[in-house]
Protein chains: 2
Amino acid sequence: MESRCENCIIRQFNSLRAMSKEELKHVSDSKITKTIKKGEALFEEGDKLNGVYCVRNGISKLSKLSANGKDQIVKLATKGEVLGQRSVIAEESTNLSAIAVQDMEVCFIPKESITNTLQKNPNFTLEVLRHMAHDLKEADDVIVNISQKTVKQRIAEAFLYLKNNFGEDEQGFLALTLSREDISNVVGTATESAIRIISEFKKKGLIHTSGKKIGIKDERKLMEMVDGF
Amino acid sequence: MESRCENCIIRQFNSLRAMSKEELKHVSDSKITKTIKKGEALFEEGDKLNGVYCVRNGISKLSKLSANGKDQIVKLATKGEVLGQRSVIAEESTNLSAIAVQDMEVCFIPKESITNTLQKNPNFTLEVLRHMAHDLKEADDVIVNISQKTVKQRIAEAFLYLKNNFGEDEQGFLALTLSREDISNVVGTATESAIRIISEFKKKGLIHTSGKKIGIKDERKLMEMVDGF
DNA sequence: GGGATTCTATGACAATTGTCAGGTTTGAAA
DNA sequence: TTTCAAACCTGACAATTGTCATAGAATCCC
C-alpha cells in the first residue's frame with residue numbers, strides 16, 4: 001500500500017490532483033489512513049467534521065434520516081471520491097451520514113490542509129468547485145427521477161446504475177451487493193415494495209438472483225422500462 | 001436604477017461581493033441589463049450559456065423536464081441569486097430551464113468575466129463554492145422530502161417555504177402566487193392531486209384562497225402536518 | 001363585450017404504493 | 001452443528017396518488 005499522497009493514484013480522480021507538491025506533502029504528513037468495516041460509519045448526520053475522507057477502496061452510502069425514521073440514500077461513493085467536503089467548506093455540521101456498504105480504506109485529511117489550500121490555490125478551489133457542480137447536477141437528476149418515475153422504473157434504473165458504476169463479478173452478478181433495505185432506501189420506497197418488484201423482475205426474466213446477489217439478464221428491457229415502455 | 005455593479009446592493013447577497021474593484025469594474029462594463037416578462041425564459045434546458053444571470057428583481061423557477069413530459073421545479077430563485085453558474089463552471093450546457101414566474105430584471109454577465117476571476121481570485125472562487133455547497137445541501141433536503149413525505153406534507157411544506165422566503169402581501173396572501181400547476185411541479189405530483197389537497201386544506205381552515213392567491217391561516221397546523229401529525 | 005382559451009375544480013375509477021402480519025431462508029456466532 | 005437473529009419473501013388489505021372526463025371560473029385578446 002502506497003502511503004505517500006504524492007504517489008497515490010487515487011488522487012488523479014479527485015480534486016487533490018490540483019494541489020502543488022508542497023501542499024500534497026503537507027496533506028501527506030497530516031493524513032491518517034483508516035480501515036472501516038462494512039456497516040461502520042465514517043461519520044454521522046450532525047457530526048462536526050474536522051477533515052475530509054478520501055476513499056481509497058470500498059464503497060460508502062451517503063444517507064439522511066427522514067422524519068418518519070427511514071433513511072434516504074442520496075449517493076454511493078467509491079474509490080477516488082472525497083467525502084465531507086461540503087461540510088468543511090460551508091463550515092457546518094454534515095447533513096449526511098456516511099456508512100460503509102463494503103469494507104473500506106480511507107485517508108482522513110485534517111481540514112486545515114484543505115482550507116489553507118482553498119484560500120491560496122485557485123486551481124484547487126476551482127477543481128473542487130467543478131466536482132461540486134457535478135454533484136449538484138446529479139442531485140437535480142435524482143430529484144426529477146424520484147418525483148416523476150414509478151418505483152418500478154427507479155428500481156430498474158438503480159440496477160443499471162449499479163452495473164455501470166460498480167461493474168459485475170465473474171458470474172455476472174452486480175459487484176456491489178446491497179441489502180434489499182438499502183435498495184429501497186436508494187429509490188425511496190418501502191422495503192416490501194422493493195422486494196416485491198425484485199421478485200416480479202425475476203419472474204419476467206429481467207434479472208436473476210442468488211441470495212442477496214442480483215444479476216442483470218435483460219439489460220435492454222430494463223432500459224426500456226426506465227424510459228416508460 | 002443603479003447601473004454600476006460597484007454600487008449595486010444586490011451584490012452583497014451573492015458571490016460577486018468577493019470581487020476586487022477592478023474585477024467588478026470589468027463585470028460592470030461588460031454586463032447587459034435585461035427585462036424578462038412573466039412566463040418568458042432566461043434560458044432553457046440544454047442551452048449553452050455564455051454567461052450567468054444576476055437576479056435584481058423578480059422570481060424565476062428552475063425546472064427540468066422529465067421523460068413523461070412533466071416539469072419538475074428544482075428551485076425558486078430570487079433577488080441576489082446568480083443563475084447559470086453551474087453550467088459555466090462545468091463548461092456544460094445547462095441541465096435546467098429558468099423561467100420567470102414574475103416579471104424580472106436581471107444582469108447578464110458574460111462568462112469571461114466570471115471564469116477569469118475564478119482563476120485569479122481564490123476568495124471569489126471560495127465564495128462561489130460556498131454558495132454551491134449550500135445549494136447542494138438544499139438539493140439533498142429536497143430529495144429526502146420528496147421521497148419520504150406524502151404529497152399532503154410536501155404541499156404544506158411548500159406553503160410554509162413560500163411564506164418564509166417570499167413573504168406575504170398586505171391582505172395576508174403569499175406574495176409569490178404560483179399557478180396550481182407550478183405548485184404541483186414543485187412538490188412533484190399531478191396537478192389534480194395538488195388542487196384536491198388545496199381544497200381540502202381550505203375546508204379544514206388551514207389556508208384561504210382568492211383566485212390563485214393563497215393565504216396561510218393556521219401556520220401551526222401546517223407545521224404539524226409537515227412533521228407527520 | 002363577447003368569444004376563445006387557459007386555469008381551476010370535482011367526481012369516478014384504476015393503479016400504485018404502503019402497512020401489517022405472518023412465514024421462510026440465510027448467515028454468522030456459539 | 002446448532003441456534004438465533006437478521007434478512008428476505010408473500011399475502012391481504014388499506015391508503016395514497018394518478019388518470020380521464022367534464023364543467024365552471026377567470027383571463028386574455030380582438
Between atom CD1 in B:Ile207 and atom C1' in C:dT8, what is the gap in whole Å? 13 Å

Spacing of A:Ile198 atom CD1 relative to D:dA7 atom P, expressed in whole Å: 15 Å

Distance, rounded to the nearest Å, where A:Lys38 contributes NZ and C:dG27 contributes P: 10 Å

Salt bridge or not for B:Arg86 and B:Asp135, using N-O below 4.0 Å? no

Residue pair A:Ile216 / A:Leu160, side-chain heavy-atom distance below 4.5 Å: yes

Please determine which of B:Lys203, B:Lys202, B:Arg196, B:Lys204 meets the side chain to side chain donor-acceptor pair (under 3.5 Å) test together with B:Glu200. B:Lys204

Between B:Ser199 and C:dT10, is there a side-chain N or O to OP1/OP2 distance below 4.0 Å? yes

Send over the distance from A:Phe201 CZ to D:dC9 P, rounded to a whole Å. 14 Å

So, taking the atom named CD1 in B:Ile198 and the one named CD1 in B:Ile207, what distance separates them when rounded to the nearest 0.5 Å? 6.0 Å

Separation of C:dA21 P from A:Ile195 CD1 (nearest whole Å): 17 Å

Can you tell me how far C1' of C:dT8 sits from CD1 of B:Ile214, to the nearest Å? 11 Å

To the nearest Å, give me how far apart CZ (A:Arg180) and P (C:dT24) are. 19 Å

Trace of the salt bridge (Lys or Arg N to Asp or Glu O under 4.0 Å) decision for B:Asp140 with A:Lys64: CA-CA 8 Å; B:Asp140 287 341; A:Lys64 187 164 156 48; over 6 Å; no

Atom pair distance, as rounded to whole Å: CD in B:Glu181 and C1' in C:dT6: 10 Å

For nucleotides 14-30 of chain D, read 5' to 3', which letter fits each nucleotide if B means a protein heavy atom sits under 4.0 Å from the base, S means only the sugar-phosphate is that close, and - means neither? ---SBBB----------

So do A:Leu16 and A:Cys5 actually touch side chain to side chain, heavy atoms under 4.5 Å? no

